A.B. asks: 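Following this message is one structure expressed as structure tokens.
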Amino acid sequence: MLKEITGQYNAGEIESKIHVFWDGIDAYSKVRQRRMGAKRFFFVDGPPYTTGHIHLGTAWNKIIKDSILRYRSMNDYHILDRAGWDMHGLPIEVKVEEVLGFTSKKDIERYGVGNFIEKCKEFALLQKDDMTRQFHSLGIWLNWKDPYMTLRDEYIEAAWWTLKQAQQKDLLEEGKRVVNWCPRCETAIADSEVEYEERVDPSIYVKFRLKNEPGTSIVIWTTTPWTIPSNIAVAVHPSFEYSKVKAVTSSGESEILIMASSLVKDVLKKGRYADFKILDTMLGEDLTTLEYEHPLADQIPKQARFRHNVYLADFVTAENTGCVHIAPGHGMDDFEVGVKHGLPIFCPVGPDGRYTEEAGEYTDMHIREANKVVVENLKERGLLLAEGTISHRYGHCWRCKTPIIYLATRQWFLKISELKEQMLSEIDKVVWYPEWAGSARFRDWVEGARDWCISRQRYWGIPIPVWRCTECERIDVIGTKLELLERSGLAGGIELHRPYVDSVTLTCECGGKMRRVEDVFDVWFDSAVASWATLNFPHQKDELEKWWPADFITEGHDQTRGWFYSQLGASMVAFGRAPYKSVLMHGFTLDVEGKKMSKSLGNVVQPSEVIGKFGADTLRAYVLSSSAPWEDLKFSNDEIANVHRTINILWNVYRFPLPYMALDAFDPSDVTLESVKPHMRSEDRWILSRMQSVIRSVDSAMETCMLQKAVRNINDFVLEDLSRWYIQLIRPRTWVEADDPDKIAVYRVLYEVFTTLTKVIAPFMPHLAEEMYQNLVRNVYTDAPESVHMNDWPVPDESLIDMDLEQHMKLARSVVEAVSNARQKVGRKLRWPVGRIVVSPPDENAALAVKNLKEVIMDQTNSKDIVLTEVGGSWDELGFSAIPNPGAIGPVFKGDAGKVIAALKQVDAIALKKKLACSEGYELQLADGNIVTIGPDMVSFQETLPELVASASSSAGIVYVDAKLTRELEAEGYSREVIRRVQDMRKEMDLAVEENIRAIICIDDERVVDLVLDLEQLIASEVRADVQIIGFDVEVHGDLVKDWDVEGISMHIGISRS
RNA sequence: GGGCCCGUAGCUUAGCCCGGUGGAGCGCACGGCUGAUAACCGUGAGGUCCUGCGUUCGAAUCGCAGCGGGCCCA
């Protein structure tokens, strides 16, 4: 039996009830099981990092995933959707260090790497559980029971196996690269872990003496004097102009300097030269023949052996001197110049920030102290042109705030640049939503792809499975746990994390002992292998064949350079093709101003706050509907409240007929839709057609990932078609108490629409859909699927679609709105009936719409008749009035103009118009008897409305409302006023709908009493009065007595329970 | 500095691909309805379509340049 719903929409109550229900029957698993054997759909969840809390962006991400997967499932797909977790990496190490009170890598070593790893694991698992609960509250259905986790052995094996593929395909390389380095923490740190802060540094100009031109120097500028000992080259821009300048000091000494022409004045001013003379100018590309002496060659023996030349580089800017100091061991750009030209990657600085023995006299000095010393040494040698300070933004270690340095270190690389062309052609094979996400944005990123540094000198990560022989340096890459056991001769029970795996040694072909290199993987490599790791490959092989590559992934646009890229790179290495077939790139959540949400700005909105206030379905409907997925979402509280209102209306629409259905014991299983067809009215056929059209539009929106269109179409249907129109039309039909086939038809149609609607909203508002479904379907059909989400997606029933009717209804609604407008103009409220409405249709279709839907229009406009004029014609009761044009009359009649105008206003406008239309002039008699001739330019015409008629335009033509009153109309109007007052009082007394009353009505106007008495019976039955006295001078008493003013007439009404 | 995306009423947005009178919702003002009622509905006011230039008979829409915002990079 259908249950009556009386309460307001209470999201919190409904959603927690539904969660209990889902958990109780294990709905998710049942839904997935139900589709086993259907078309396969492999979805890979981009694993969120286990930070412990989700934010609005992660919520949106998962909501998109959930809605698409629910839709797919209903469309009969067997879905594989393990949730994923990214659980390794420095952020967790840092959190754990904080908890343990550690400040450096040495603390970890003292605590024991094994203990530390255990803490990290524990922490990550805890965070994962917290976040799972938060996703749960959003109604996200993924495989949460068996998620893929990057810290699991099977997962680690997937990464190992991938690296082994790289080695076998000669795509793995060990080499020196420059990385961000924290000299205090003694570790490489990722770019995203560098914080930029304002800082004051030295700013020095240094002269490098040319070897073959005594007395000539090239001038460079730097803020890091400590890197001068590592200088190997100078870079200039090929197309800048450079000058050779004779610079003279105040004491008359002169020297020759080389720098960018545009900067000569500035630099010489800094060097306090008294005068200068340009000797020669040349392009940067002409400077490459120059060779200079390292300024500190006498202190650093190794530097004395290197050659130092000038090279060309596009990154050089016309700032400072236009000549850039290059130390390939201490800068990214510098390093590239070095590699390009085969220069030594000289890096005489150790991980602790102290110079190594390679630095000669600087050995063991910390770079922090070195700045001063280097400057001093340069000064002694007469090589310092100028010295000062500069305030600029500089990178700092995010956890200890130490300024970072750049160090060339030995790292492991995947040779992605060799795969670039293949990657680009793979991008074209993937379907991107939107198209430009792939063709423009991702393509651009991949075109700039460089070799991928996959090693980190940390603890909590997937250990790099490279073992190196301590004797012959040979390396072996281990691809699986089994291989490791076989090679090491161990029996098993091994843990693949550090430090356990570090203690495993292998025997080299040469007989030497092989030890694992100490590095762990960059965390981006972890998630990169997700598409096969989630299939437990290589541990299991058959699942890969069955599912891979992924049918669909979706993440935010920041993942262009992140997961979209890392997955593609790893997959090219492993399988030589893209790991996904289609990608939806979604946007970011911004605050209401369009600014990024960040803790420091204090504009972060927590999903839990929103859920607490409005519920998960509202949040879901809001983020899905407010913009296209790929556009950024400006989070607005007003808008979310608006969406909440829409859902509330849906709820009200749903519960509105239930009390009547329950009262009538309506059983939908007894009544087929077919059987009520003879009793359907046009509005019934119309709403059924609209419902089918909505399914179609949702389908076409979903096809292109336009979730916003899908949800908006649903909302519009609920608001416009159901709430504002259909429900308004059928209300009186549901109040009929007898067993009326007309009422049963309405019930059955509403039932049809609602049950379809529960399925249509299921992917987007899964809780509300379930709540409605349980009552509408499960309470009626005990053999129906347990959950709405187990149902098949509705297929539009073509036989119910009637596009003509939909179009006609649109026109009819437009007429009703126009009448509303006209009523307001003529001051006749809706409660008062009008005699007739005249519509002047512009075409046959409009006429047909009005004709066919006459009943609907009469009903909604409270009118007694609808009259159509001829198509394209005008209403024959309209009048015309002539409007004199003084601009044309004045010049012709001069002093008589006033008389002419006065006379024109008096003439018969219709006759005037006729005459002017066919002849040249109209003979007008003035008040003084004179006759003048009026030309067509002297007058214009305007339609005039009969008295008490107002007009308004609609898309079905101009609508005229005739508000003239007759006795019958007036009687009805006043009676309605009386009824409305009594009903209001019934409500105030909190009477039940079916309760009877006694009423006494005193009206202070005999004429109105007389009018109202015409409809005494109607009033009595409408207000359910057993005894009713209406009169001019009656005594009013009762349980509730009130005085009213109706259009200026006093009424005194008293009512009592019967 | 580069790539991509976004910029329409006070706010959130449709329309832009494929040129021809800019359309909603919220808010505001006025009104209606009163058996969905702490609900619902109508009418109205409100727009340099970011700016400038160009193409065109005609530009919110196409092109170029700039400004502002977002993501990514340098």
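Computed from a predicted model, the values in this text were never measured in an experiment. Convention: sequence-line order gives letters A, B, ...; per-chain numbering from 1.
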A.B. asks: Write down the distance separating the C1' atoms in G25(B) and G15(B), rounded off to the nearest Å.
C.D. replies: 15 Å
A.B. asks: Can you identify which nucleotide, out of A14(B), C72(B), A36(B), has its nearest atom closest to the Arg712(A) side chain?
C.D. replies: A14(B)
A.B. asks: With side-chain contact (heavy atoms from CB on, under 4.5 Å) as the test, pick out the partner of Ile997(A) among Arg1057(A), Arg986(A), Met985(A).
C.D. replies: Arg986(A)
A.B. asks: G3(B) C1' sits how many Å from Ile427(A) CD1, rounded?
C.D. replies: 13 Å
A.B. asks: When you compare G31(B) with C50(B), how far apart are their C1' atoms, in angstrom units rounded to a whole number?
C.D. replies: 37 Å
A.B. asks: Using atom C1' of each nucleotide, how far apart are C49(B) and U21(B) to the nearest Å?
C.D. replies: 15 Å
A.B. asks: Out of the candidates Asp742(A), Asp859(A), Asp740(A), only one should pair with Arg733(A) under the salt bridge (charged side-chain N to carboxylate O under 4.0 Å, His left out) rule; please name it.
C.D. replies: Asp742(A)
A.B. asks: Identify whether any heavy atom of Leu719(A) sits under 4.0 Å from a base atom; if not, whether one sits that close to sugar-phosphate; answer base, sugar-phosphate or nothing.
C.D. replies: nothing
A.B. asks: Answer with base, sugar-phosphate or nothing: what part of the nucleic acid does Glu639(A) contact at a heavy-atom distance below 4.0 Å?
C.D. replies: base
A.B. asks: Tell me what Thr734(A) touches on the nucleic acid: a base, only sugar-phosphate, or nothing, going by heavy atoms under 4.0 Å.
C.D. replies: nothing
A.B. asks: Taking atom C1' in both G20(B) and C62(B), what distance in whole Å separates the two?
C.D. replies: 14 Å
A.B. asks: From C-beta outward on Asp333(A), which listed nucleotide comes closest to its side chain: A74(B), A36(B), G70(B)?
C.D. replies: A74(B)
A.B. asks: Quick one: which of C73(B), A36(B), A74(B) gets closest to the side chain of Trp445(A)?
C.D. replies: C73(B)
A.B. asks: Any chance the side chains of Asp721(A) and Trp686(A) put a donor and an acceptor closer than 3.5 Å?
C.D. replies: no
A.B. asks: At 4.0 Å (heavy atoms only), tell me whether Phe442(A) reaches a base, stays on the sugar-phosphate, or touches nothing.
C.D. replies: nothing
A.B. asks: Between Arg561(A) and C73(B), is there a side-chain N or O to OP1/OP2 distance below 4.0 Å?
C.D. replies: yes
A.B. asks: Nearest whole angstrom, please: distance from the P of G70(B) to the CG of Leu633(A).
C.D. replies: 15 Å
A.B. asks: Counting any heavy atom closer than 4.0 Å, what does Val653(A) reach on the DNA or RNA strands: base, sugar-phosphate only, or nothing?
C.D. replies: base
A.B. asks: Scan Asp444(A) against the nucleic acid and name what it touches under 4.0 Å (heavy atoms): base, sugar-phosphate only, or nothing.
C.D. replies: sugar-phosphate
A.B. asks: Check the side chains of Tyr622(A) and Asn642(A) for a donor-acceptor pair under 3.5 angstrom, ignoring hydrogens and angles.
C.D. replies: no
A.B. asks: Would you please say whether a donor-acceptor pair under 3.5 Å links the side chains of Asp334(A) and His325(A)?
C.D. replies: no
A.B. asks: For C16(B) and U61(B), measure between their P atoms and round to the nearest Å.
C.D. replies: 12 Å
A.B. asks: With rounding to the closest Å, how many angstrom separate the C1' atoms on C18(B) and U34(B)?
C.D. replies: 49 Å
A.B. asks: Determine the contact category for Gln728(A): base if any of its heavy atoms lies under 4.0 Å from a base atom, sugar-phosphate if only primed atoms, P, OP1 or OP2 are that close, otherwise nothing.
C.D. replies: base
A.B. asks: Under 4.0 Å, heavy atoms only, any strand: does Arg443(A) hit a base, just the sugar-phosphate, or nothing?
C.D. replies: nothing
A.B. asks: Quick one: do the Glu977(A) and Trp832(A) side chains pair a donor with an acceptor below 3.5 Å?
C.D. replies: yes
A.B. asks: Can you see if the side chain of Arg831(A) gets near the phosphate of U34(B) - specifically, an N or O under 4.0 Å from OP1 or OP2?
C.D. replies: yes
A.B. asks: Which nucleotide in the list C72(B), A36(B), C41(B) gets nearest to the side chain of Arg441(A)?
C.D. replies: C72(B)
A.B. asks: For Arg980(A), report the nucleic acid contact type (base, sugar-phosphate, nothing); a contact means any heavy atom under 4.0 Å.
C.D. replies: base
A.B. asks: Do Ser697(A) and Asn713(A) have side-chain N/O donor and acceptor atoms under 3.5 Å apart?
C.D. replies: yes
A.B. asks: Can you tell me how far C1' of C40(B) sits from OH of Tyr654(A), to the nearest Å?
C.D. replies: 20 Å
A.B. asks: Among G42(B), C33(B), A36(B), which nucleotide sits nearest the side chain of Ser820(A)?
C.D. replies: G42(B)
A.B. asks: Would you classify Arg1024(A) as touching base, sugar-phosphate or nothing, given that sugar-phosphate means primed atoms plus P, OP1 and OP2, and contacts are heavy atoms under 4.0 Å?
C.D. replies: base
A.B. asks: For the side chain of Ala440(A), counting heavy atoms from C-beta on, which of U13(B), A36(B), C4(B) is nearest?
C.D. replies: C4(B)
A.B. asks: Phosphate oxygens OP1/OP2 of G42(B): is one of them under 4.0 Å from a side-chain N or O of Arg828(A)?
C.D. replies: no
A.B. asks: Just call it for Gln983(A): base, sugar-phosphate, or nothing, with non-hydrogen atoms closer than 4.0 Å on any strand.
C.D. replies: base
A.B. asks: Any strand counts, and the cut-off is 3.5 Å on both contacts for Watson-Crick or G-U wobble. Which nucleotide pairs with U34(B)?
C.D. replies: none
A.B. asks: Out of U12(B), U43(B), C40(B), which has the shortest distance to the side chain of Glu817(A)?
C.D. replies: U43(B)
A.B. asks: Rounded to the nearest Å, what distance is computed from the CZ atom of residue Phe588(A) to the P atom of nucleotide G70(B)?
C.D. replies: 12 Å
A.B. asks: Strictly below 4.0 Å: does Lys829(A) bring a side-chain N or O up to OP1 or OP2 of U43(B)?
C.D. replies: no
A.B. asks: P atom, G7(B) versus C17(B): distance in rounded Å?
C.D. replies: 13 Å
A.B. asks: How far does the P atom of A74(B) sit from the matching atom of C6(B), given to the nearest Å?
C.D. replies: 24 Å
A.B. asks: Can Tyr747(A) and Asp664(A) be counted as having a side-chain donor-acceptor contact under 3.5 angstrom?
C.D. replies: yes
A.B. asks: I want to check one thing: is the phosphate of C41(B), taken as OP1 and OP2, less than 4.0 Å away from some side-chain N or O of Arg724(A)?
C.D. replies: yes
A.B. asks: Mind checking Thr560(A) for me? I need base, sugar-phosphate or nothing, with any heavy atom below 4.0 Å counting as a touch.
C.D. replies: nothing
